[in-house]
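For reference, the structure is listed below as structure tokens.
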Amino acid sequence: MQNEILFFILSLITIVSSLVMISAHRPIDSALSFIVTLVSIAALFGLLNASFLFVVQIIIYAGAILSLILFIIMFLNIKDENLPDEKYKNYWLLGTSLIIAPFSAILVDLILRSNIAVNAAVHENFGTIKDVGLTLFSEWVLPFELVSILLLVALVGAVTLSKKEV
Amino acid sequence: MGTRIVERHGNTFKEKIYLPAIFSGMKSTLKHFTDNLSDASNIPTLCYPEQKPTDITPRYRGVHRLTHRKEDDSIACVACFMCATACPAKCIEIVAAEREDGVDEKMPKVFNIDLLECVFCGYCVEACPCDAIRMDSGIYSVIGDKREDFIYNKAKLLSIKGISKEEYSLAK
Amino acid sequence: MQTKIVSKNFDIPHAEMLEVALQNGRYGSLEKLSTLKPQELIDLIKQSGLRGKGGGGAPAGVKWQLASDFEGTKYLVVNADESEPGTFKDRQILAKDPHLLIEGIICTCQAIGANISYIYVRGEYEEFSAILQRAIDEAYEKNILGIGSTYKVDITVHRGAGAYICGEKSALLESLEGNRGHPRLKPHSPEPEFYFGEPTLVNNVETIASVPFIVQNGAEAYRAYGTKESPGTLLFAMSGHVENPGVYEAEFGLGMWEYIQKLGGGVKKGKKLKAVIPGGASTPILPAHLVYEAKLDYESLRDLGSALGTGGMIVMDEDVSMVKALKNLLRFYRHESCGQCTPCREGTSWVDKTLDKFIAKTATHEDLEILKSVSRSMNGKTICVFAPAASSVIDGFLKHFESEFLECIV
Amino acid sequence: MLKAYMILSVVLFSIGVVGLISRRNIIVIYMSIELLLNAVNLSLIAISADLADASAQVISLIIIAIAASEAALFMALFVVLFRNRSSLDANLFTMLGSEK
Amino acid sequence: MKIIVDNNPIECQEGALLIDVLLDNNIKIPHFCYHQDLGADGNCRMCMVEIKGQKRPQVACDTFVCEGLEVSTNSASINEVKRSILELELLNHPVDCPICDQAGECKLQDYYMDFGLYESHLSTPKTKKSKHIDLGSNVMLDQERCVLCARCTRFTTDITKTGELGIIGRGDQARVAIAPGHPLNNPYAMNVVELCPVGALTSKDFRFQQRVWFLDSAKSICHGCSRGCNIIIDYNETKYTSEKIHRFRARRNNAINHSFLCDYGRLSYKELNEKIIAAPCNMETLKELLQAEKKVALASPSLSLEQLQSIQEFCKNYKIELFSLPYIDESFGDDWLKTNDKSANFAGVKELGISTCQDDFNSSFENAEIVLNFDHALLKQQVFKDKTLVHFTATPCEGEFVFAIANFAHENGTLINCEGVRQEFFGTKYKSDAPRLRELLEELR
Amino acid sequence: MSFAFTQENTIRMASLLNRYAQKKALSLPLLWLAQKQEGYISEEAMQYISEFLELPYMHIYGVATFYTMFRLQKGDKPIIEVCRTLSCELAGSEEIKKYLKENYSERYEIVEVECMGACSGAPMCTLDGKYFENITPEILDEVLNAD
Amino acid sequence: MNTVLILLPLVLTILYSLATVPILVWMERRIAGLIQDRLGPNRCHIKGVRLGGIIQSIADMMKLVFKEEFLPSHIKNKFYYLVAPSIAFMSAFLTFMVIPYADTITLGEQTYSMQALPTDLGVLWFLAFAGLGVYGIILGGWASHNKYAILGAMRATAQVIGYEVAMGLSLVSMLITYGTISLNEMVSYQTQSFFIIPAWGIFIQPIATIIFIVTAFAETNRTPFDAAEGESEIVAGYHTEYGAMKFGLFFVAEYIAMAASGALIVTLFLGGYQLPYLNTADLVNNFELLLWGIIIFALVTSVLFLKWMQKHNIFAMSGINETKLYTTLIIGFTVFAVILMSYYALANSSQSAKEIGVMLLQFAIFTVKLFFLHFVFIWVRWTLPRFRYDQTQKLGWNILLPLSLVNIFITAVVVVAGVNYGN
């Protein structure tokens with residue numbers, strides 16, 4: 001029961017803050033509400049016993065990526081005149097929502113109709129670092145190495161991009 | 001004064017890693033700390049309101065005062081506005097007037113110093129051609145509970161005495 | 001020793017009376033005058049080499065020519081404002097032979113074509129201007145002057161009122177116009193003086209008084225006296241520490257020491273000579289050793305670093321304190337400065353005040369520097385030559401007697 | 001509970017798509033993309049919890065790593081684009097497209 | 001014709017005075033006695049220059065330019081000469097700059113900073129003269145500060161020909177003075193204050209009011225009469241005082257007033273400092289009033305052309321008859337700067353074709369219900385029972401409808417003087433409390 | 001108190017008028033006349049002269065103060081002027097001055113003046129414009145006690 | 001009872017972290033004073049009792065709390081402005097939550113972890129919330145709408161992001177060494193000893209220790225890495241526009257972050273709550289002996305402290321005679337403690353009592369170590385000058401990051417070699 005209530009509250013926070021994120025005019029508002037989204041998603045991860053993912057989500061998303069975004073926003077010193085002139089933003093949002101809504105509805109309907117829940121018993125170590133680590137370094141070594149290369153490429157790419165001469 | 005060429009530091013590895021220098025600095029501060037902790041009697045701190053500083057000299061820039069003439073104790077200021085001109089904080093307000101007693105031609109009718117705006121730079125004293133304004137009152141704390149209390153007017157400034165003995169006669 | 005051209009009648013008693021004067025040959029040149037045209041007269045003066053005897057020593061003929069050539073009503077102004085300390089020769093002419101002057105005026109007026117003449121007599125010569133006035137009145141009576149006369153010359157005696165600077169010709173004219181005696185700015189091209197805007201000739205009394213002799217005897221007769229550059233004679237005055245002070249006419253080119261010895265009777269009480277101021281107070285002093293070399297003419301004295309000036313020598317014996325002497329002179333200059341231009345007005349008073357410190361023996365080396373620098377500042381930067389004269393006097397004293405000034409320094 | 005998580009995931013995904021399509025501010029666009037990734041992550045974790053299998057967590061871990069590298073690139077892009085155009089309007093960045 | 005000054009060729013007119021050429025070309029040449037409108041006197045000896053071919057330095061104020069003249073104004077030797085003369089000028093000067101109003105615009109100070117900068121050598125007492133002498137006509141004399149440049153005496157003898165001032169005494173006791181019992185009393189007397197290059201003559205009116213380095217200046221034109229003398233408005237605003245105009249100074253204009261100003265005009269700054277206390281007036285009420293049938297407007301002939309133009313336009317819009325009447329004061333004018341017509345821009349009024357007929361105005365005025373008075377003095381003090389007067393005024397005025405407007409010290413504009421010379425004037429840098437007339441009319445459109 | 005020239009002086013004034021090109025030039029002669037008449041130049045005299053010559057009063061005043069021989073204050077004693085310039089000082093004018101001051105300052109006003117042009121007769125002094133040359137205390141006693 | 005025991009660590013941690021702040025402030029001031037040959041604050045008193053100047057800190061805290069809250073008028077984003085200090089405070093606070101200050105105790109059947117949040121995430125938790133703290137700074141700086149604030153915030157952000165990497169990597173080498181991420185396990189690992197050297201992190205991983213300490217200084221914005229609030233250039237950095245308790249929260253957050261960093265350093269590198277060579281079981285087993293040791297130690301210490309106090313407490317204030325009071329208190333407390341401890345030492349106490357006693361002892365040890373760390377923090381602050389901003393960045397990216405990577409590599413090699421070829 002506790003978990004359901006927590007889930008309900010957290011999902012509410014998530015949805016509201018993500019809605020604020022896409023509709024806010026100033027990027028700083030978007031970014032800050034997105035932090036709330038991310039932290040509450042992290043909490044949902046925690047709720048799902050994925051404690052390692054919970055920490056990773058907070059460290060990487062909330063701690064690193066979003067603070068980088070905020071840093072960039074401050075660094076660029078974005079003023080109102082630098083923002084795109086989105087006069088019909090709300091109509092756009094409404095229109096797109098109307099277009100997307102049927103698809104979502106179909107998906108939700110499918111989920112509701114399907115019988116996907118297995119409800120397997122969760123063992124004690126589930127979601128701990130050891131568990132995830134063992135899986136990662138046994139079954140998923142190749143993707144892990146690929147991701148590390150990807151990260152390297154991204155690093156080099158980012159450095160190259162932000163050089164002044166571009 | 002000859003020129004001394006100081007060699008640039010940070011060349012050797014020991015200097016480059018900084019840690020030895022940091023530790024020697026820390027050693028030095030620690031020595032002060034332990035010395036003072038074990039025997040605090042050498043610390044020259046003054047317990048201020050009870051113990052008052054005794055070494056304030058006339059060069060100490062305290063609250064301003066207006067001096068008097070040697071001859072007749074009248075105000076020495078001639079309202080030349082030099083202090084007001086030199087003042088970087090523009091805290092001196094002077095209104096000049098004709099002096100009627102024949103000692104001089106000009107004197108200030110109003111002479112206000114706003115001590116809240118004053119930065120105590122001493123430029124006014126430097127600028128004064130008549131030695132009429134001084135900061136040798138030795139008063140280092142000004143107390144008041146209204147803004148107006150900090151605007152010292154002519155009478156108030158004239159009533160402040162200098163601290164050194166030989167100039168005592170100038171201040172009545 | 002004396003050569004009496006101008007001073008011929010000085011020893012004759014009552015020569016100021018017209019009768020006595022006529023007996024002694026006054027107005028003799030007027031006959032000759034009628035035969036000469038004005039331009040011939042000027043040429044005559046030019047040939048004679050007559051030089052202005054008021055101190056400057058400028059050739060008189062050139063000045064006459066200028067005044068004569070300029071269009072307008074012409075005036076002749078005779079400068080009898082001799083206020084130079086040590087100079088008192090004009091006074092002799094005014095008092096002892098005024099008719100010589102009147103005769104000279106008539107000649108000069110004739111030469112430059114003027115009818116009106118003013119004699120600017122210094123205010124202190126009240127007695128002598130009265131004598132002069134009497135002589136003029138007599139001349140009017142006898143139709144030597146005035147409408148009834150041949151040459152229709154009017155002479156007015158104008159008395160000054162005690163201002164040395166009015167001896168300067170432009171200041172004199174200002175004074176004559178009824179203003180304060182401030183010298184005028186110097187002209188840029190050669191031109192005569194102007195009195196109320198009209199061309200005017202200003203000449204010294206002695207210059208004018210020399211004219212009748214030249215008119216009467218011709219230029220060569222005059223040139224027979226004196227040196228080549230300075231022909232003729234000058235009334236040399238002598239005062240101070242000499243046995244017989246007075247005015248003695250002599251040829252140019254005479255030895256100064258000889259002159260002092262013979263005519264002045266040597267230094268008073270047989271003391272040693274220390275210095276001589278050769279030509280009135282505005283000429284630089286000459287120490288004894290230079291006096292022995294000096295000749296009484298313009299060029300010789302100029303070469304010795306002094307000037308002949310008006311020829312009024314002041315002789316000083318060995319006891320004279322040069323500091324006091326300079327102080328005396330500078331007090332005079334301070335008192336007589338007109339106060340128009342700054343260097344003179346402030347400089348003379350500053351030097352005078354500084355010299356007080358020398359007298360009181362409280363001076364410093366800096367004060368000596370002040371004397372020198374102020375003298376430099378006064379020289380050549382003023383409207384008239386008053387300040388340069390004062391400057392040259394200071395320079396002269398400091399050049400020759402600096403040791404005495406150094407003694408006064410604490 | 002799985003269904004609830006899935007539905008939440010769908011909702012977040014839809015919101016991300018809406019933001020991605022309708023906004024022109026590139027920072028918001030970027031964050032919408034991140035929201036899409038998070039929605040997927042959420043469903044993956046939910047499934048992993050449901051199945052008691054850590055593999056799904058590993059996948060989402062990899063997704064997070066990719067998101068991080070993407071973030072680095074995006075930040076660099078923002079800086080460059082903003083420096084050149086001094087605007088965040090995605091419509092302006094058409095250097096490769098036809099001239100307006 | 002060209003002369004060479006400090007190795008730079010300078011174009012000039014044949015026969016001009018060297019000092020004029022130097023001054024016109026902004027070459028620094030110190031001078032006390034020379035004044036472009038008083039001429040040379042040559043007594044201060046400050047304007048010494050070196051002329052090639054002359055062994056002694058010459059005064060620039062007594063040197064006429066000629067072809068090929070080579071002048072040096074700032075060589076080391078000539079600067080030494082200037083320095084020595086300046087030392088003498090300053091010798092007996094009481095250095096009482098602290099109490100001297102001239103400090104800040106004093107030539108002695110300026111030249112000391114330019115050429116002097118020596119330590120005083122004077123070790124003997126200074127010459128004492130009288131101080132604090134009231135010469136009359138708002139002029140105070142301090143003989144010790146005087147450098148005897150004789151500008152003031154030349155002004156009174158040559159320009160006004162009244163000769164109240166003169167130099168008495170001689171030598172170091174020479175000093176400027178008035179004769180006992182004969183004070184300075186001509187209507188241009190205060191010019192001597194401005195002419196005085198040092199603090200010897202100071203204005204009693206401005207005395208001790210403000211130090212000049214605190215003052216800002218605006219180029220304006222005197223509105224006292226139709227002569228249109230060029231003036232400089234000296235004003236300031238400090239931390240402790242609001243904006244105040246402290247004095248008018250003459251601005252040199254050879255065509256009109258040279259460097260002079262009459263005392264009346266010079267003192268007319270006072271009314272510009274008067275605060276107008278006007279009851280807050282409602283624009284809407286005024287607009288309602290303007291709906292009336294018979295309206296007449298009277299504009300001051302001292303308003304600028306631009307103001308008159310906008311008044312004209314405004315009156316045309318609202319169909320108001322516009323008049324302007326001159327201020328004639330037969331006793332005011334003289335043969336020099338003052339004119340009988342005390343309105344500053346009457347020629348401008350005529351040029352704009354505004355009716356100036358007294359009779360027409362009288363008849364229109366009789367019939368009018370609403371009278372608009374644009375700062376005209378005639379209607380300000382009067383009250384009419386059957387008419388509504390609306391004042392737009394720059395001076396204190398009483399009435400029911402009073403709109404304060406900015407006075408000319410806060411306006412830029414153009415005036416045409418009695419000789420038909422069109423001149424621009426500029427206001428101070430601070431905005432006045434009251435709005436400008438043109439802004440007000442703009443609002444009423 | 002107004003000033004007017006005496007009959008005799010008025011005639012002299014008129015005759016002087018013809019001798020000069022402009023009226024202005026008369027300021028010095030008229031001041032002399034006024035001083036002769038009253039012993040000093042009064043303000044009224046200057047006023048009179050300035051009106052007569054159509055000059056500003058200040059001009060006359062300035063001229064009168066420029067020349068040292070004009071007296072603007074009324075003196076009640078006869079004036080003895082003692083020359084103090086170089087020749088006379090060399091000849092001992094200081095002692096003469098001292099002697100005069102000590103003995104005659106009650107009866108006479110003793111004034112020091114600059115060179116009077118009588119250097120050959122130094123030391124000298126004047127009394128009422130009359131020169132006394134080569135003076136000694138004895139001569140002075142003789143002269144001053146003559147009446 | 002159960003709930004109480006679960007909540008006890010939480011409450012204790014909150015109190016502990018909050019109560020440290022005034023003491024830290026006092027320490028900072030007094031140590032700074034003594035290092036600089038001054039006395040430091042010592043005059044604030046309650047009825048003549050000054051507690052060596054701690055009252056001053058309390059007074060300052062009171063002032064901050066009761067000062068009028070006001071919002072500068074130019075601030076547009078009031079919400080962000082207000083929320084920033086609480087973010088900073090909360091994240092600093094949360095980092096403190098995972099620090100174990102005593103070993104897990106077993107009372108009866110139940111075991112209780114002496115952590116506020118009994119999680120195994122340990123170090124990762126610390127990293128996660130230390131990283132979140134930067135939002136407080138960013139928001140505070142940005143919402144202040146002030147160029148100094150935003151400059152400070154940017155400096156702080158760049159610094160924190162940069163040093164977090166090096167900090168994480170230095171931790172990785174520690175994780176490899178200890179083979180765990182649980183802080184409790186790490187501490188128990190450090191009770192071992194190689195020969196006579198205790199197996200403290202500082203001895204087995206000196207490079208990682210230095211890197212961690214340096215990065216901890218940078219993370220908490222302490223000197224020499226406090227360019228973010230470099231008062232000589234940018235007034236006060238990101239909290240320029242803050243006053244009263246809003247500033248107070250930033251202020252407290254900084255000290256709590258410092259305390260948390262210090263606690264983590266103690267835990268990771270200084271053997272945590274353990275005494276060297278003695279693990280918890282040893283302590284529990286030799287409890288009486290331990291007590292006698294403590295009694296002797298307590299007696300010696302209090303006598304020395306008493307003497308020192310009487311020598312230096314010379315400036316008498318009006319009111320109570322302080323020296324007398326302190327003397328009485330110290331003697332009374334010592335006597336009380338000695339009697340209490342003697343009782344326990346003589347009486348054969350139960351296992352639970354022993355466990356609790358050891359827990360208290362470990363808590364005390366932890367506190368002493370922590371305060372030593374604080375002293376080091378303060379000592380460094382008053383010794384080293386501030387790094388220039390570019391120097392900070394250069395140090396972080398050019399030196400510490402490669403160094404920590406190399407360290408990981410070496411550690412990994414050694415550990416793998418040890419596992420495979422050792423024994």
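Lettering of chains follows the sequences in order, A, B, ..., and the numbering in each one begins at 1.
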Looking only at heavy atoms, which of residues 47-61 of chain F get nearer than 4.5 Å to chain E? F:Gln47, F:Pro56, F:Tyr57, F:Met58, F:Tyr61

So, the side chain of E:Asn43 versus the backbone of E:Cys149: is there a donor-acceptor pair under 3.5 Å, distance only? yes

Looking at F:Phe3 versus F:Phe5, is the centre-to-centre ring distance below 6.0 Å? yes

Considering only NZ, NE, NH1 and NH2 on the basic side and carboxylate oxygens on the acidic side, decide whether E:Lys131 and E:Glu144 come within less than 4.0 Å. yes

Below 4.5 Å from any heavy atom of chain F, which atoms of E:Thr153 appear? Answer side chain, backbone, both or neither. neither

Is F:Ser15 reaching over with its side chain to a backbone N or O of F:Arg12, donor-acceptor style, under 3.5 angstrom? yes

Is E:Glu87 salt-bridged to E:Arg45, going by a charged N under 4.0 Å from an acidic O? no

Any residue of residues 166-177 of chain E which, by heavy atoms, sits under 4.5 Å from chain F: E:Gly166, E:Ile167, E:Ile168, E:Gly169, E:Arg170, E:Ala177

N/O donor to acceptor pairs below 3.5 angstrom from side-chain atoms of residues 56-63 of chain E, sequence neighbours left out:
from: E:Gln58; atom 1: NE2; to: E:Arg56; atom 2: O; distance (Å): 3.3
from: E:Asp62; atom 1: OD1; to: C:His188; atom 2: NE2; distance (Å): 3.3
from: E:Thr63; atom 1: OG1; to: E:Val59; atom 2: O; distance (Å): 2.6

Considering only heavy atoms from C-beta outward, does the side chain of E:Ile231 approach that of E:Arg251 to under 4.5 Å? no

Any ion pair linking E:Asp142 and E:Arg145 (charged N to carboxylate O, less than 4.0 Å)? yes

What heavy-atom pair brings E:Leu165 and E:Cys152 nearest, and what distance separates the two atoms? CD1-CB, 3.7 Å

Measure from NZ or CZ of E:Lys342 to the centre of the six-membered ring of E:Phe332, then state whether that distance is under 6.0 Å and the direction lies within 45° of the axis. yes

Interface residues of residues 65-81 of chain F facing chain E - heavy atom cut-off under 4.5 Å: F:Thr65, F:Phe66, F:Tyr67, F:Thr68

Charged N to carboxylate O under 4.0 angstrom, E:Asp205 versus E:Lys270? yes

Checking side-chain polar atoms at under 3.5 Å, does E:Asp101 have a donor or acceptor matched by the opposite partner on E:Thr202? no

Are there over 12 heavy-atom neighbours, none belonging to F:Lys98, within less than 6.0 Å of that residue's NZ? no

